[in-house]
Amino acid sequence: MAGIALAVIGGAGVWAALRQPDGGAVERERPASEDPVLAVLAPEPYGFSLPYANPELLAAAESGDAEAQYQLGLAIVQRHWERGEQRRLGEAAEWVAKAAEQGHVRAQLVMGGLYEKGRGVIQDYELALAWYRRAAAQGNPQAMARLGRMLRTGRGVEKNLVEAYVWLNLASARGDPHAEIDRDRLRRMLSTEEVNRAQDRSRHIDRDLPRPTGPVQPLPIGF
């Protein structure tokens, strides 16, 4: 990863730079000797260099800092949506996965989204479900809601409406308004006995799950 040319600035500066009409890029001349096949694998597209480099963030990510790895991967994901650089998503997935394996809950949530959508990785509903479970176990309401929706539709797991209700119920209790809507719609599909069973299980799980300590942060566009 040491050869990664992309570097970003921390916090709001990342998004400000990426939202500029030209992405903060500077035009450069294409060397005549460059191989167009190798260009597809190169860290940057032809014609662009990035002047807003932040070597501290990249160095922190390379040294194993989970938050830096997550922020770097997330910035690459955002850059994909801003400029359509699909080939960079694989690089983003690698950085986010490093953070997720260290227990970074937001990175685990994003990894679930990458596997569910098949972006930067081969689509795999079972792996998406596994990452959502790991983030849900840390109290992330968005992961709980996504876990519930996958259980409701049977993606990556056997369809289970009662268990889907449980996780949507838990996400709703932690402030996810979309989960509340989905839970109430699902309730109409269950018997009274099933709802009571789901409520009992929700209370049982709720005792062991941590509560979120801050506001729910939005996922990248398209997730």
Side-chain angles (χ1 to χ4, degrees), residues 15 67 70-71 73-74 77-78 80-82 89 92-93 96-97 99-101 103-223:
W15 311 111
E67 179 63 23
Y70 169 68
Q71 291 295 339
L74 198 65
V77 170
Q78 183 69 15
H80 158 68
W81 287 109
E82 293 288 340
L89 280 180
V96 176
E101 290 290 359
H104 192 292
V105 63
R106 292 285 298 169
Q108 292 173 346
L109 174 63
V110 171
M111 282 306 299
L114 290 172
Y115 274 112
E116 185 177 3
K117 303 291 185 180
R119 293 175 182 160
V121 293
I122 298 299
Q123 187 179 54
D124 189 320
Y125 288 148
E126 291 185 4
L127 284 176
L129 192 79
W131 282 115
Y132 288 148
R133 285 191 186 278
R134 291 176 68 171
Q138 294 199 65
N140 185 278
Q142 294 165 306
M144 294 175 187
R146 291 188 171 216
L147 177 56
R149 293 181 187 112
M150 293 190 80
L151 284 160
R152 182 187 62 194
T153 58
R155 283 184 297 173
V157 66
E158 184 177 351
K159 185 176 180 178
N160 188 327
L161 298 185
V162 172
E163 193 71 2
Y165 185 98
V166 169
W167 287 103
L168 289 168
N169 200 26
L170 291 164
S172 176
R174 284 159 175 77
D176 189 318
H178 301 293
E180 181 179 348
I181 294 170
D182 288 344
R183 179 203 61 190
D184 292 344
R185 287 174 177 169
L186 182 57
R187 185 183 187 117
R188 305 187 193 109
M189 304 169 63
L190 301 175
S191 67
T192 301
E193 187 276 331
E194 288 174 324
V195 171
N196 290 338
R197 180 152 46 93
Q199 292 285 15
D200 288 342
R201 178 159 166 74
S202 297
R203 283 188 284 269
H204 177 74
I205 295 176
D206 184 59
R207 292 194 295 265
D208 298 324
L209 289 178
R211 293 277 174 176
T213 57
V216 176
Q217 300 175 4
L219 282 169
I221 297 170
F223 282 80

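Sequential numbering from 1 along the given sequence is applied to the chain's residues.
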Looking at every heavy atom in both Ala92 and Val77, which two are closest together, and how far apart are they?
CB-CG2, 3.6 Å

Any chance you could measure Thr192, atom OG1, to Arg187, atom CZ, to the nearest 0.5 Å?
8.0 Å

Nearest heavy atoms of Asp208 and His204, plus distance in Å
OD2-O, 3.9 Å

Has Arg185 got more than 12 heavy atoms of other residues, nucleotides or ligands less than 6.0 Å from its CZ?
no

Does the side chain of Val195 reach to within under 4.5 Å of the side chain of Met189, using non-hydrogen atoms?
no

Please determine if Asp200 and Arg203 form a salt bridge, counting it only when a charged side-chain N lies under 4.0 Å from a carboxylate O.
yes

Taken in chain and number order and not counting sequence neighbours, the residues that satisfy salt bridge (charged side-chain N to carboxylate O under 4.0 Å, His left out) with Arg133 are none

To the nearest 0.5 Å, what is the distance between CG on Asp176 and CD1 on Ile181?
9.0 Å

Note: Ala97 and Met111 closest approach over all heavy atoms is N-SD, 3.6 Å

Please answer whether the main-chain N or O of Gly113 pairs with a side-chain N or O of Tyr132 as donor and acceptor at a distance below 3.5 Å.
yes

From Asn160 CG over to Met150 CE, what is the distance, rounded to the nearest 0.5 angstrom?
14.0 Å

Residues two or more places apart in sequence or in another chain: which of them pass side-chain contact (heavy atoms from CB on, under 4.5 Å) with Ala93?
Leu114, Val121

Atom pair OG1/NZ of Thr153 and Lys159 - distance to nearest 0.5 Å
8.0 Å

Can you give me the closest heavy-atom contact between Ala179 and Leu168, atom names plus distance?
CB-O, 3.7 Å

Quick one: side-chain contact (heavy atoms from CB on, under 4.5 Å) partners of Glu193, sequence neighbours excluded?
Ser191, Arg197

List the atom pairs, donor and acceptor, that lie under 3.5 Å between side-chain atoms in residues 122-130 and the rest of the protein, sequence neighbours left out.
{"residue": "Gln123", "atom": "NE2", "partner": "Glu116", "partner atom": "O", "Å": "2.8"}
{"residue": "Asp124", "atom": "OD1", "partner": "Glu126", "partner atom": "N", "Å": "3.0"}
{"residue": "Asp124", "atom": "OD1", "partner": "Leu127", "partner atom": "N", "Å": "3.0"}

With no hydrogens and no angle check, just 3.5 Å: does a side-chain donor-acceptor pair link Arg106 and Gln138?
no

Only counting residues at least two apart or in another chain, list the ones meeting side-chain contact (heavy atoms from CB on, under 4.5 Å) with Leu209.
Met144, Trp167, Leu170, Arg174, Ile205

Residue pair Asp182 / Arg149: nearest heavy atoms and the distance that separates them
OD2-NE, 2.6 Å

Specify the closest pair of heavy atoms between Ala99 and Ala107, including all atoms of both residues, with the distance to one decimal.
CB-CB, 3.7 Å

By side-chain contact (heavy atoms from CB on, under 4.5 Å) - contacts of Arg134 (at least two apart):
Glu101, Gln108, Trp131

How far apart are the C-alpha atoms of Leu74 and Val96, what are their side-chain angles, what is the distance that settles it, and do they pass the side-chain contact (heavy atoms from CB on, under 4.5 Å) test?
CA-CA 7 Å; Leu74 198 65; Val96 176; 5.6 Å; no

If we check side chain to side chain donor-acceptor pair (under 3.5 Å) with Tyr165, which of these qualifies: Gln199, Glu194, Arg152?
Gln199

